[in-house]
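Heads up: numbering here begins at 1 and tracks the sequence. Note: hydrogens, waters and symmetry copies are ignored here, and every other heavy atom, side chains too, is used.
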Amino acid sequence: QGPEGWLESNTVGEGSVPIADGSSEIRFEGLPYGEYAISVYHDRNDNGKLDTGMFRIPKEPLGTSNDAKIRFGPPKYEDAVFFLEQPELNIHIPVRKLFER
């Protein structure tokens with residue numbers, strides 16, 4: 001899709017899944033081949049949004065494809081981008097509280 005708005009409105013898919021034994025899995029089917037970036041978070045209080053504090057710093061654990069680093073602002077699309085070039089692709093995304101890396 002591209003870097004503009006990749007963490008906001010420029011989404012191809014979204015979903016919510018339960019966590020079991022410290023992990024979860026979500027599937028997106030029918031995506032066309034191309035470049036993508038993924039952002040996930042653990043909604044600890046189940047309010048349907050990523051809670052933030054002062055300066056919009058996330059309070060809940062989050063992660064991005066390629067484990068893109070969050071430094072002085074949101075992760076860069078270029079650091080999180082990957083290419084879907086086959087019918088199935090499994091991606092592991094570590095989810096951590098900010099500054100626990």
Salt bridge (charged side-chain N to carboxylate O under 4.0 Å, His left out) against R56, all qualifying residues, sequence neighbours excluded |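 Not a single residue meets the salt bridge (charged side-chain N to carboxylate O under 4.0 Å, His left out) criterion with R56.
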How close do [X] and [Y] get, counting heavy atoms only, and between which atoms?
{"X": "S65", "Y": "A80", "value": "OG-O, 2.5 Å"}
{"X": "Y77", "Y": "Y36", "value": "OH-N, 4.2 Å"}
{"X": "K49", "Y": "D43", "value": "O-OD1, 3.5 Å"}
{"X": "V81", "Y": "N66", "value": "O-ND2, 2.7 Å"}
{"X": "S24", "Y": "P18", "value": "CB-O, 3.1 Å"}

Quick check: do [X] and [Y] have side-chain heavy atoms less than 4.5 Å from each other?
{"X": "L84", "Y": "F28", "result": "no"}
{"X": "E60", "Y": "N45", "result": "yes"}
{"X": "S39", "Y": "W6", "result": "yes"}
{"X": "V40", "Y": "I26", "result": "no"}
{"X": "D67", "Y": "R96", "result": "yes"}

Got a sec, which residues hit side-chain hydrogen bond (donor to acceptor under 3.5 Å, both in side chains) with N90, two or more places apart in sequence or on another chain?
-> none
Is I91 reachable from V12 through a run of I, L, V, M, F, W or Y residues, each pair having side-chain heavy atoms under 4.5 Å apart?
-> yes
Do L31 and L89 share a hydrophobic cluster, counting only Ile, Leu, Val, Met, Phe, Trp and Tyr and linking them when any side-chain heavy atoms are less than 4.5 Å apart?
->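 Yes; tracing contacts between hydrophobic side chains, which count when under 4.5 Å, links both residues.
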Enter the distance from T64:OG1 to I70:CD1 here, rounded to the nearest 0.5 Å.
-> 6.0 Å
Roughly how far, to the nearest 0.5 Å, is CG of L50 from CG of L62?
->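 These two atoms lie 6.0 Å from each other.
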Give every residue pair that meets the salt bridge (charged side-chain N to carboxylate O under 4.0 Å, His left out) criterion with at least one member in residues 13-29, sequence neighbours excluded.
-> R27-E29
